[in-house]
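Please read the structure below before turning to the comments.
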2 protein chains.
Amino acid sequence: MSGRPTLRTVAAKAGVSHQTVSRVVNGDPTVTDGIRDKVLSAMRVLDYRPSAGARALASGRTEVVGVVLPHNPGFAFSNDHLIRLVGGADQELAARGYGLLLSTREVPDDAASAHRRFTRRRQVDGLLVEAGAGGEALPALRSAGYPTVVIGYTDEDVYRVHPDDEGGAYAVTQHLLALGHRRIGVVNGPVENRLAMAARLRGLRRAFADARRTIPDDLVEHGDFTAASGYAAAGRLMTRPEPPTAIFAFNDSMAFGAMRWLREHGRALPTDVSVAGFDDTTAAELVDPALTSVSLHSADVGRLAARILLDVLDGRPPAQRENVTPSTLEVRASTAPPPMPN
Amino acid sequence: MSGRPTLRTVAAKAGVSHQTVSRVVNGDPTVTDGIRDKVLSAMRVLDYRPSAGARALASGRTEVVGVVLPHNPGFAFSNDHLIRLVGGADQELAARGYGLLLSTREVPDDAASAHRRFTRRRQVDGLLVEAGAGGEALPALRSAGYPTVVIGYTDEDVYRVHPDDEGGAYAVTQHLLALGHRRIGVVNGPVENRLAMAARLRGLRRAFADARRTIPDDLVEHGDFTAASGYAAAGRLMTRPEPPTAIFAFNDSMAFGAMRWLREHGRALPTDVSVAGFDDTTAAELVDPALTSVSLHSADVGRLAARILLDVLDGRPPAQRENVTPSTLEVRASTAPPPMPN
DNA sequence: TTCCTGAGCGCCCAGATCAAG
DNA sequence: ACTTGATCTGGGCGCTCAGGA
């Protein structure tokens, strides 16, 4: 006597069997129109709502996917990226009637905790895992039989989706070369993201090669994605005997740090030195000069990852494991031709 | 023959009844130690995992709460705020064994859609709703019997949690007054957020009153939380006969817009004009000069909202409907004493 | 074809049972 | 024989699926 109507309550009211009501609820096309109307109006009158729990129990599917995100404030991934990722995934999942069970994870912590929250209770049909949040747990997930799509880069042989980091870096480099820059300083990212960083370096090298220019190999510095590390890297680059005329930082935060170093040391932006970033965070267009950066279109990444997972769940797995979404160069005021040598 | 072990499988292996296994799983203290050990080892050997669906069906509770967020890129709420909110809520929910089902919502859209995704299928025990994402649907939710906690401001008589906007605005104003500013221009936010904006105005007025200063009532402009509107508002403020010496924008984006206007019109920051914002987004410390702003400690807001919802679900509802989390002033380089009149 | 019937899915709850004090 | 505490038994939560009418 919980009060809520069930399939059978509705069936009794509509004068049909519970199974017929089930067919109506699930949009079975073999239901006669007259019966369907009767059932629908009974459902409306009783304010019937199906029970996800009962359905999950009987069918073995929950129609919910788990999303595992890293959650380490101010490090590695921008909040902009994460929230757009989730928004895109949610949009795609909602369109197909799926729910999104979220688990954030403090990144240095017990390895498998976030996934286990889902899989230990069998509340999800599959998983979307941000690479930084749990690449190391993938074998366990696979053996547990959970279809998984990784968002980002991984060595594991799983479905994965990532933005076109190589293409983005290519576009930045090409843009800087076209402006006339020859000595381009690079602020590389941390080893935790070595696969994404490798892709960006490939794009950089390819752009130099296509322009038939030799890449100055003494101009790569490392940072850890924080503004402070970008500041320090800019200092190291600019105090070399032959400093660069442009700095390409592998994320926006480091680019902002580099801009700060340059301003504090009397360089005019962008006339003395150009700066470009990566990720196109909201801050990029708010700083002065606005930062040229690569937009990853994070919502598209989330959408595609969700679509692939749903396709796998529907039994039509995509042909390729690795899927790439386009990224685009956003040219803003922070990049300009290098100063004339005189 | 799905393969997965059930309570009864474990029971058979351990030589006890299924109900005893259930008691072990649920931590019933009346289980004898010897039996508990036998059951636990059987569970381990069989890799038993409880089925959330079956449990939900039998108990009527899902141990999942729904979180409804607005999702309108670049407007009204910063991504920083949202993601920290969710992170805090998730942390609290996870600690009590609850899951977090997320639904993002494009804000101008069909009113109740996001909540209905949860409630129509009865997959959640309660809801956390961002005020901007669904205040208008609250009566419907309440009548449907879903315990709900609103994050933000609302006129409805529901549990709600919001940061101390009034205190934050008080702190900013007091800070500016202490620096010597008398004419403080205000860039107010949009009417959609009128309750939060009213709280900030109260803080502003109280600070003037406590300092025994009269508030210049001709220095309030409106914006819509975008940088462009902050830019325009700054223009209107600074071209008055007696322009302000400081601008207090009711969010960071508008503050950035104001900074841009000031720079483009030859004002030195902060020596000619001070600027303060609200929300303390990541961009605040990346711009130059770094922006003085009010930190809302969004994760704390999310945590408290989750805790209140869980308390309601546990049958021990808090005494008060309205709950406020502290916000703090982050003083940075964008605020300084006004120029000496000469 | 369209609809119906019956048997579970894996769990929780209530009441029955059984060992001890 | 009469509590008290630990364990067991049966029924049913609301749905889907297979097979029959």
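Predicted, not measured: the structure shown is a model, and the values here were computed from it. Every chain is numbered from 1, with letters handed out A, B, ... down the list of sequences.
The phosphate of D:dC17 has OP1 or OP2 within less than 4.0 Å of a side-chain N or O from A:Arg61. Taking 4.0 angstrom as the limit, B:Ser22 places none of its side-chain polar atoms (N or O) nearer than this to OP1 or OP2 of C:dC11.
Atom CG of residue B:Leu101 and atom CG of residue B:Leu128 lie 12.0 Å apart, to the nearest 0.5 angstrom.
Counting only N and O atoms by type, the side chains of B:Ser78 and B:Asp80 include no donor and acceptor under 3.5 Å apart.
Remark on the helix from C:dT2-D:dA21 to C:dA20-D:dT3: inter-end axis angle 40°, axes from five-pair C1' superpositions, rounded to 10°.
Regarding A:Arg23, its CZ atom lies at a distance of 9 Å from the C1' atom of C:dC4, rounded to whole Å. The CZ atom of A:Arg8 sits 9 Å away from the C1' atom of C:dG6 (whole-angstrom rounding). Between the CD atom of A:Glu63 and the C1' atom of D:dG14 there is a distance of 16 Å, given to the nearest Å. In this structure, B:Arg122 atom CZ and D:dG14 atom C1' are separated by 8 Å, rounded to whole Å. Going from atom NE2 of A:His18 over to atom P of C:dT5 covers 8 Å, rounded to whole Å. Nucleotide C:dG10 holds its P atom 10 Å from the CZ atom of B:Arg4, rounded to whole Å. C:dC13 atom C1' lies 13 Å from atom CG of B:Leu57, rounded to whole Å. Per the geometry, CD belonging to A:Gln19 stands 16 Å off P belonging to C:dG8, to the nearest Å.
With D:dC17, C:dG8, D:dT9 as the choices, the nucleotide that has an atom nearest any side-chain atom of B:Ser17 turns out to be D:dT9. When distances run from any side-chain atom of B:Leu7 to the nucleotides C:dC12, D:dT16, C:dC13, the shortest one goes to C:dC12.
Remark: side-chain polar atoms of A:Arg36 are paired, donor with acceptor, to backbone N or O of A:Val31 under 3.5 angstrom. B:Asp125 contributes no side-chain N or O that, together with a main-chain N or O of B:Val65, makes up a donor-acceptor pair within less than 3.5 Å. Of the possible donor and acceptor atoms, one in the side chain of B:Asn26 sits under 3.5 Å from a partner among the backbone N and O of B:Ser22.
In this structure, the salt bridge (Lys or Arg N to Asp or Glu O under 4.0 Å) partners of B:Arg316, at least two apart in sequence or on a different chain, are B:Asp311, B:Asp314.
Comment: A:Arg84 does not engage A:Asp300 in a salt bridge, judged by the lack of any side-chain N to carboxylate O separation of less than 4.0 angstrom.
The two residues A:Tyr153 and A:Pro163 have their closest heavy-atom pair at OH-O, 3.5 Å. Residues B:Leu310 and B:Glu92 share a closest heavy-atom pair of CD1-O, 4.1 Å.
Non-hydrogen atoms lying under 4.0 Å from DNA chain C are contributed by A:Thr30, A:Val31, A:Thr32, A:Ile35, all within residues 29-55 of chain A.
Both A:Asn26 and B:Ala58 lie near DNA chain D, and the one whose nearest nucleotide falls closer to the 5' end is B:Ala58.
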